[in-house]
Amino acid sequence: MSQRIGILTAGGDSPGLNAAIRGVGKAGQGVYGMQVLGFRDGFRGLVENRTVDLGGGVLSGILTIGGTILGTSRDKPHKMKIAGKSQDMTDVIVENYQTNHLDALVCLGGGGTQKNALVLKEKGLNVITMPKTIDNDVGLTDVTFGFDTALGIATDAIDRLHSTAHSHHRIIVVEVMGHRAGWLALGAGIAGGGDVILLPEMPYSLEAVASAISERVKSGKNFSIVAVAEGAMSVEDARMVRGLEEQIADAEAVDDRKARKQAKGELKAIEAGAGDHTLHLARQLEELTGLESRPTILGHLQRGGTPSAADRLLATRLGTVCADLIADKHFGVMVAARGDRAEPVPLEEVAGNKKLVPADHAWVESARKVGTCLGDDC
Ligand code: F6P
């Protein structure tokens, strides 16, 4: 009997999602005779049993379209807001999986989705995932789809900012997405020739950044591009965050709820203030260097539009291998990109395994060798 598979997309949307849905769906239908069902809006659609039949030509013409034809959400199966209250909906998901006679559930998403998929695996569902996010921060895969497209968009933006920064003799501080990982800022910063690149993984010294910009002025370059990852922090803020995280861990160890609440509140306040970080940094650099400074926040532009050729290829490759694995009844894994191959890796090893930029990464070394200031020892 033919297999029936469900597909959902969860977390932030990302270019290449439709290519991945098409890859697994078309290979599933065409090669293995599977029936393919989509769930709307991530895990919420699975809870509410909102389905869409992905047979009969629905998967044609979607390869080049950005976003996700299924819709997405950041809902978690075990902590879903229902009527204003956080509830564990995993039993409802199991019920809907059975009602739809599914043999497998394909979840396309980033780090959060890998954790959510593991929760469903532990509930006995045949789950299989693919790594999607512009942040490129999922462990055990060389790369995630969406990253290459966002990298191209952010690089193009930095290219464009160069001519205006140069003409006005200004500093332009450009904020790049990436959550707590610096891959996008580092990649686009290097490819776009940023003069300063600030990453969450390497807390920066404001004085070091200002002095690198002032040195450029002395050598006749009276403009600078500062590519800052949205999660970047000064040395002082990073120290404060680390201290509060330690306080939370200590309070949890001795079950001191009051101390935990207080430290959590302080941490939240710092995180809320981080929203203004780029504006603040631009102002500080203007004061310290005497150069006019302007902030630019690229935001969701980086997630929108047509996927790059590399992302279409990656998503198609992972998608078709995903169909092969389902046909082989190989579940509980993420289909990871490894060199020019796609390989299954156990969800237990992927969930919570965030891939950050290591201090000795080849991109970091190259950035330093071409004279880029990384905010530490410039
Ligand atoms: O994970 C992708 C991402 O774009 C991050 O880079 C960013 O921090 C986050 O999503 C933004 O989330 P939202 O679209 O929910 O505001």
Side-chain angles (χ1 to χ4, degrees), residues 8-18 20 41-45 66-68 70-76 79-81 107-117 129-139 141 143-158 173-189 192 197-201 227-233 237 241 267-268 270-279 281 295-308 311 314-315 334 350-357:
L8 62 81
T9 55
D13 71 319
S14 167
L17 275 170
N18 290 325
D41 303 333
F43 294 103
R44 184 162 290 266
T68 159
L70 293 175
T72 186
S73 70
R74 292 202 181 272
D75 290 299
K76 299 183 175 91
K79 276 187 205 163
M80 198 171 288
K81 270 247 161 78
C107 303
L108 310 189
T113 303
Q114 310 307 325
K115 289 189 202 163
N116 292 331
T129 70
M130 282 184 246
K132 158 262 25 168
T133 165
I134 65 163
D135 303 339
N136 196 30
D137 61 352
V138 177
T141 182
V143 68
T144 56
F145 57 84
F147 176 64
D148 182 73
T149 308
L151 186 60
I153 296 170
T155 302
D156 180 54
I158 294 175
V173 182
V174 50
E175 183 184 292
V176 179
M177 273 188 170
H179 199 223
R180 299 208 170 118
W183 295 106
L184 206 48
L186 180 61
I197 303 175
L198 305 178
L199 309 178
E201 294 87 346
V228 52
E230 62 179 344
M233 265 185 245
D237 283 353
V241 166
L267 194 58
K268 266 210 168 137
I270 294 181
E271 279 165 1
D276 291 338
H277 172 253
T278 301
L279 311 187
L281 178 61
T296 298
I297 296 173
L298 300 182
H300 291 80
L301 263 182
Q302 295 158 102
R303 286 206 331 229
T306 309
S308 65
D311 274 337
L314 174 63
M334 177 183 82
V350 181
N353 184 346
K354 208 181 235 319
K355 186 176 71 180
L356 298 174
V357 178

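Hydrogens, waters and symmetry mates play no part in the numbers below; they use all other heavy atoms, side chains included. Being a predicted model, the structure only gives us computed values, none of them experimental. Atoms within a ligand are numbered from 1 in the order they appear, just like the ligands themselves. The first residue in the sequence is number 1, and the count goes up from there.
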### Query
For atom 2 (C) of ligand 1, what is the nearest protein heavy atom, given as residue, atom name and distance?
Asp135 OD2, 3.3 Å
### Query
In this structure, are over 12 heavy atoms from other groups packed under 6.0 Å from Lys355 atom NZ?
yes
## Note on the structure
When Ile297, Thr296, Leu281 are each screened for side chain to side chain contact (heavy atoms under 4.5 Å, CB included) with Val173, the one that passes is Leu281
### Task
Can you sort out which atoms of ligand 1 are near Ile134, meaning under 4.0 Å from one of its heavy atoms?
4 (O)
### Message
To check your reading of the model: name the closest protein heavy atom to atom 4 (O) of ligand 1, its residue, and the distance in Å.
### Response
Arg303 NH1, 2.8 Å
### Query
Among protein heavy atoms, which sits nearest to atom 16 (O) of ligand 1, and what does the distance come to when rounded to 0.1 Å?
His300 NE2, 3.4 Å
### Message
Using a 3.5 Å distance criterion without hydrogens, assess whether the side chain of Thr141 forms a donor-acceptor pair with backbone atoms of Thr144.
### Response
no
#### Entry: Residue Gly178 vicinity, atoms of ligand 1 by number, heavy atom under 4.0 Å
6 (O)
### Summary
Within the 4.0 Å heavy-atom cut-off, what Leu184 brings close to ligand 1 is neither
### Query
In the protein, what heavy atom is nearest to atom 15 (O) of ligand 1, and what distance, to one decimal place, separates them?
Arg74 NE, 2.9 Å
### Message
Need the ligand 1 atom indices (1-based, order shown) with element for anything under 4.0 Å from a heavy-atom of Glu230.
### Response
5 (C), 6 (O), 7 (C), 8 (O)
### Gln302 side chain vs Met177 backbone, donor-acceptor pair below 3.5 Å
yes
### Task
Using modelled atom types only, decide if a donor and an acceptor are shared between the side chain of Trp183 and the backbone of Val143 within a distance under 3.5 Å.
no
### Salt-bridge criterion met for Arg180 and Glu271 (N-O under 4.0 Å)
yes
